[in-house]
Amino acid sequence: MADNRKDDLEIQEPEYESAYGCGDELDSGYYGTGSTTPPKDHAGVVALVLVLLILCSGLLTALGLLDIHLFQKPEPTEPTTSVSFFAVDGTVPGGLERLDPAQTVPAPSEGPVCPAAPGTDIQLQPSPEGDNSLEQEGALSWQDVYEKVIPSVVSITTTKPGSSSSGTGVIMSCDGYIITNSHVVEGAVKIEVLLTDGRLFDATCVGLDAISDLAVLYIQAEDLVPAEFGDSSTLRVGDQVVAIGDPLGVQLRGTMTDGIISAISRDLKIGGKTMTLLQTTAALNSGNSGGPLVNCYGQVVGINTMKIGDYASVSGVEGLGFAIPMTSAKGVVQQLMTNGYVSGRPSLGMKGQMVSNFYQYYYHLPAGLMVTEVKEASSAEASGLQAGDILLSVNGERVTNVDMLEELLYDIEVGDSVSVTIYRGGREYQKSFTVEEARD
């Protein structure tokens with residue numbers, strides 16, 4: 001009887017379809033709370049992705065080191081405007097006579113001509129006018145230009161406290177005077193000059209001017225070959241030029257690079273001062289500073305001073321070099337040879353350096369210019385300024401570094417009275433003194 005009741009019972013199958021969506025068949029991979037199938041191993045995929053990321057990162061790093069910029073549109077450049085340097089009546093500045101374009105370059109006189117004494121006027125020779133073709137009328141070959149100028153180019157090596165540097169110079173006279181850049185020799189305790197013929201001399205600095213970035217050196221040497229200097233005011237955009245010097249140091253001395261004048265009378269504000277320079281495509285590198293920029297007649301028309309990377313944080317910039325025009329350099333060089341300095345430069349009668357962030361936070365000092373030296377018998381010394389004072393402002397204008405001070409002095413005349421704010425011993429003081437003429 002019990003068996004009959006058993007047969008009558010209706011056995012209810014679990015509703016797997018509603019619970020698991022599996023229909024009438026039981027999925028053996030499920031038991032109670034979920035799947036019992038082991039998860040798939042994705043380690044290989046993860047490793048592959050990591051390898052691809054490393055490869056991409058390495059590629060981007062390589063492109064960065066090579067300075068390759070992807071998907072970067074070139075920025076439009078402003079057209080260069082040629083500036084005329086001729087008077088309204090058509091005469092050439094300085095009383096120079098303009099030659100007939102059909103004439104060739106006059107043959108140089110035999111043997112160098114020495115100035116009679118320091119301070120003698122630099123003679124700027126007129127250059128024949130070129131035609132509008134690529135090759136200018138009367139131009140020398142670049143081989144002849146190099147042979148003419150290279151005996152007048154020198155290599156300069158300087159030793160400074162804790163460092164050394166190198167540059168290039170141009171022989172100005174056969175009695176030992178050499179033109180170079182101020183930044184090449186500034187702060188040097190020893191200066192050596194290497195001639196093209198291999199002779200090595202110790203040099204003394206006759207004078208330097210940081211504002212124009214020019215300096216004059218002197219060596220006791222004989223049989224020097226002075227360069228021929230040209231009138232840079234007659235240059236035109238497109239004129240062919242070369243730079244000769246020591247790119248990256250003495251090891252590559254005597255290197256010549258060619259280009260054109262790409263802009264004239266280019267005003268650049270550097271370190272608070274404005275310099276009017278020639279712009280050229282001739283390649284300039286560290287070590288070319290102080291070397292000659294030469295026209296196609298073998299005449300030095302400029303003193304190379306910098307490239308754009310020296311004053312702007314721009315990587316990969318090419319074809320932007322700058323030189324001091326000889327028409328500007330002439331007066332500065334003559335004053336350096338005569339006086340040892342350039343007259344009319346304003347000075348506060350002190351030297352200083354920026355207060356670093358470390359000293360500001362560690363010693364609780366304000367941002368300013370730490371006075372490191374006060375010149376004897378100066379107006380600054382008479383007013384009570386001392387080494388260790390921190391210069392905060394000049395005529396109400398904030399000063400935190402040397403460049404800011406030079407920019408302020410650029411608009412101040414010698415003899416003007418200025419009011420300065422200094423910090424000393426936790427307090428601020430007001431002082432007034434007269435701006436004097438800088439003599440170094």
Side-chain angles (χ1 to χ4, degrees), residues 160-163 181-183 185-189 207-215 267-276 305-306 310-314 332 340-440:
K160 302 178 180 181
S163 67
N181 283 153
S182 170
H183 74 263
V185 297
E186 188 173 12
V189 295
L208 58 84
D209 180 52
I211 292 179
S212 63
D213 196 24
L214 287 169
D267 290 338
L268 297 177
K269 196 169 186 178
I270 304 164
K273 56 185 178 294
T274 300
M275 299 180 68
T276 302
T305 181
M306 68 185 68
D310 293 335
Y311 69 91
S313 300
V314 180
V332 174
Y341 65 94
V342 177
S343 61
R345 303 282 198 229
S347 171
L348 291 183
M350 52 149 283
K351 294 182 179 180
Q353 63 184 22
M354 182 182 69
V355 179
S356 67
N357 291 333
F358 172 78
Y359 279 94
Q360 290 180 43
Y361 290 111
Y362 191 80
Y363 293 105
H364 305 288
L365 298 176
L369 195 65
M370 175 77 73
V371 178
T372 58
E373 178 185 344
V374 180
K375 295 183 180 179
E376 295 183 3
S378 65
S379 177
E381 183 184 54
S383 70
L385 193 67
Q386 302 175 4
D389 292 342
I390 299 177
L391 181 65
L392 301 179
S393 66
V394 176
N395 289 340
E397 297 289 336
R398 196 77 172 89
V399 174
T400 59
N401 55 54
V402 175
D403 288 345
M404 294 180 68
L405 178 60
E406 290 182 351
E407 185 173 0
L408 290 173
L409 290 176
Y410 193 77
D411 298 323
I412 298 176
E413 300 290 339
V414 174
D416 289 350
S417 178
V418 294
S419 175
V420 301
T421 302
I422 65 168
Y423 175 88
R424 179 192 298 170
R427 299 182 61 184
E428 294 185 2
Y429 299 88
Q430 297 288 332
K431 294 184 177 296
S432 296
F433 49 87
T434 303
V435 176
E436 300 177 344
E437 186 177 68
R439 295 183 177 269
D440 56 11

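Looking only at side-chain heavy atoms (C-beta outward), S347 and K375 come within less than 4.5 Å of each other. At a threshold of 4.5 Å between non-hydrogen side-chain atoms, the residues V418 and L348 count as touching. You'll find the side chain of P161 reaches within 4.5 Å of the side chain of V189, heavy atoms only.
V420 and F433 make their closest contact through CG2-CE2, 3.6 Å (heavy atoms, listed as atom of the first residue, atom of the second, distance). Taking all atoms of both residues into account, the shortest heavy-atom contact from T372 to Q353 is CG2-CG, 3.8 Å. Summarising the geometry of S383 relative to K431, their closest heavy-atom pair is O-NZ, 3.2 Å, with the distance given to 0.1 Å. Shortest non-hydrogen contact noted between A380 and G349 is CB-O, 4.1 Å. In terms of heavy-atom proximity, R424 sits nearest to Y429 at O-CE1, 3.6 Å. Taking every heavy atom of both residues into account, L408 and R398 meet most closely at CD1-O, 4.5 Å.
Atoms CD and CE, from Q386 and M350 in turn, are 13.0 Å apart once rounded to the nearest 0.5 Å. Atom OG of S432 sits about 8.5 Å away from atom CG of N395, to the nearest 0.5 Å. For the atom pair CG of L392 and CD1 of I390, the computed distance is 7.0 Å after rounding to the nearest 0.5 Å. To the nearest 0.5 Å, atom CG of residue L391 and atom OG1 of residue T400 are 10.5 Å apart. To the nearest 0.5 Å, atoms CG (L369) and CE (M404) are separated by 10.0 Å. One distance of note links OG of S393 with OH of Y423; it measures 15.0 Å at 0.5 Å rounding.
For the pair N181 (side chain) and H183 (backbone), a donor-acceptor distance under 3.5 Å is absent. Side chain of Q430 to backbone of S419: no donor-acceptor contact under 3.5 angstrom is found. Under the 3.5 Å distance criterion, the side-chain polar atoms of E381 are matched with a main-chain donor or acceptor of A377. Side-chain atoms of S182 do not come within 3.5 Å of backbone N or O of L208 as any donor-acceptor pair. Without hydrogens or angle criteria, R345 side chain to E437 main chain gives no donor-acceptor distance under 3.5 Å. Side chain of S379 to main chain of T434: a donor-acceptor pair is present (N/O by atom type, distance under 3.5 Å, no hydrogens or angles).
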Evaluate the criterion side chain to side chain donor-acceptor pair (under 3.5 Å) for residue pair T276 and D267; output intermediate values, then yes/no.
CA-CA 4 Å; T276 302; D267 290 338; 2.7 Å; yes
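Around atom OH of Y359, no more than 12 heavy atoms belonging to other residues, nucleotides or ligands sit under 6.0 Å away. Within 6.0 Å of the CD atom in E413, the count of heavy atoms belonging to other residues, nucleotides or ligands does not exceed 12.
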